[in-house]
2 protein chains.
Amino acid sequence: MKTPFEKTAGRRVSRPSFEPLAPHELELADFFVLMAGILGVPRSVAEIYALLYISIKPLDFDLIQGRLGMSKGSVSQGLKFLRDQGMILSVKEKGSRRELWQPTPSLASSLVSLLRSQVQPALEQSAPALQRVLDGVQSANASPEVLERLARLKRWNSRALELFPLLLPPPTEA
Amino acid sequence: MKTPFEKTAGRRVSRPSFEPLAPHELELADFFVLMAGILGVPRSVAEIYALLYISIKPLDFDLIQGRLGMSKGSVSQGLKFLRDQGMILSVKEKGSRRELWQPTPSLASSLVSLLRSQVQPALEQSAPALQRVLDGVQSANASPEVLERLARLKRWNSRALELFPLLLPPPTEA
DNA sequence: ACGTACTTTCATTAATTTTTGAACCTACGC
DNA sequence: GCGTAGGTTCAAAAATTAATGAAAGTACGT
């Protein structure tokens, strides 16, 4: 561990016959990669989102793969992730079976739901665990100091759990 | 990427001649490891913190190493990290050069500062980058749609940047 | 119904992050 | 002042996570 929370650079390169990313596109990609890093989202996902975000029209699979110079697998996985998080959606031109991807209107609500998808399960599984810890401590030693610490922790945990649903009604739009 | 944000289990084991962790201690460690994972903090650090958190009295280096069954290097690094984040502090018994570690009173403010230390630098370096992206887009194509998206992004960025200092006055206690 | 354009899956490989431990400091008690 | 308890460093190993690409679906247009 140097400081935690670092990511290294390493630049991908567009496949021949696809337009390489313009400087401002690279810069936006870097921005999203940086932010994604904080949330623990891999760079390939952030790059895909950045490309869609800065594009005038919806983009298809091959173009994404070509311009970003990444593998089919990564594009597929990345699109799946973004789709599952509700961060992108697809339209289809009629007469083609190809899907065209674009960002959903509200990045804000996407981010909240992404955050929730990380934190919520942790909080839920923690609530009973913390209760067990409290029980364990009580029967073991019982320094009032430690007991108070743990009780406080548990209160936070439940408070956070209550708070989340208020932030954004789970499956719907906001 | 399966879902992102998973960590696998793998349990450490106390060195012989040190008390192995009791069930409730393990459970608290798991809780902290889980939470730390979200913030990108390694498990060893979380385990050390958990142990200090549930202990009645301050603990020394050897005891931490022994009970957690981890290497000297990890203990040293972990304590350094926690110390730098202001999450623990040490006292010394007189007549001994040994340091005894305990959590600082406010976990809350520690967490905020930890969060800040991740997010703040990213936001700062992003502000000018986003401006350059905007400039780039304007000279390149100029779909009003995309322009609006990016402008919004930039507004958020500055708003977040303004907001942070309010959350906790940078270097002091709260 | 069929063929294939398009996408997904997943075992393997590559990249990154974390842990280890032996060598190296460094300052305190004597 | 010196020896060593107490701690740090850091290169190398282990563990974890991300990316690749060939093989395997799937469903759409004909």
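In what follows, every chain begins at residue 1, and chains take the letters A, B, ... in the order their sequences are listed. These numbers were taken from a predicted model, which means no experiment stands behind them.
Heavy-atom distances to DNA chain D give each of Val75(B) and Ser74(A) a nearest nucleotide, and the one nearer the 5′ end belongs to Val75(B). Each of Gly69(A) and Arg98(B) was matched to the nucleotide of DNA chain D holding its nearest heavy atom; the match closer to the 5' end belongs to Arg98(B).
Without hydrogens or angle criteria, Arg67(B) side chain to Glu19(B) main chain gives a donor-acceptor distance under 3.5 Å. Panel note: side chain Arg12(A), backbone Met70(A); no donor-acceptor pair is recorded below 3.5 Å. In this structure a side-chain-to-backbone donor-acceptor pair under 3.5 Å is present from Ser110(B) to Ser106(B).
At dA19(D), none of the side-chain N or O atoms of Ser71(A) fall inside 4.0 Å of OP1 or OP2 (strictly under the cut-off). Using a 4.0 Å cut-off, no side-chain N or O of Arg43(A) falls inside it from OP1 or OP2 of dA15(C).
Counted within 6.0 Å of CD on Glu93(A), heavy atoms from surrounding residues, nucleotides or ligands total 12 or fewer; the atom is thus considered open. Shown here is Gln131(A), whose CD atom has more than 12 heavy atoms of other residues, nucleotides or ligands within 6.0 Å.
Out of dG7(D), dC6(C), dT9(C), the shortest distance to the side chain of Ser76(A) is found at dT9(C).
Salt-bridge annotation for Glu162(A) and Arg155(A): absent, with no side-chain N of the basic residue lying under 4.0 Å from a carboxylate O of the acidic one.
Only one option out of Phe32(B), Trp101(B), Phe31(B) pairs with Tyr49(B) in a ring-ring contact (aromatic ring centres under 6.0 Å, His included); it is Phe32(B).
Here the C1' atom of nucleotide dT8(D) and the CG atom of Leu79(B) are 11 Å apart, to the nearest Å. The interatomic distance linking Phe81(A) (CZ) with dT17(D) (C1') rounds to 14 Å, in whole Å. Distance NZ (Lys80(B)) to C1' (dC10(D)): 14 Å, rounded to an integer number of Å. Between the CZ atom of Arg12(B) and the C1' atom of dA15(D) there is a distance of 11 Å, rounded to whole Å. The distance between atom CZ of Arg15(B) and atom P of dT20(C), rounded to the nearest whole Å, is 8 Å. Between Met70(A) atom CE and dT7(C) atom P there is a gap of 15 Å when expressed in whole angstrom units. Straight-line distance from the CG atom of Leu100(A) to the C1' atom of dT7(C): 14 Å, rounded to whole Å. Atom P of nucleotide dA5(C) and atom CG of Leu63(A) are separated by 19 Å, given to the nearest angstrom.
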Contacts under 3.5 Å, N or O only, protein and nucleotides 24-30 of chain D:
| from | atom 1 | to | atom 2 | distance (Å) |
| --- | --- | --- | --- | --- |
| dC28(D) | O2 | Arg97(A) | NH2 | 2.1 |

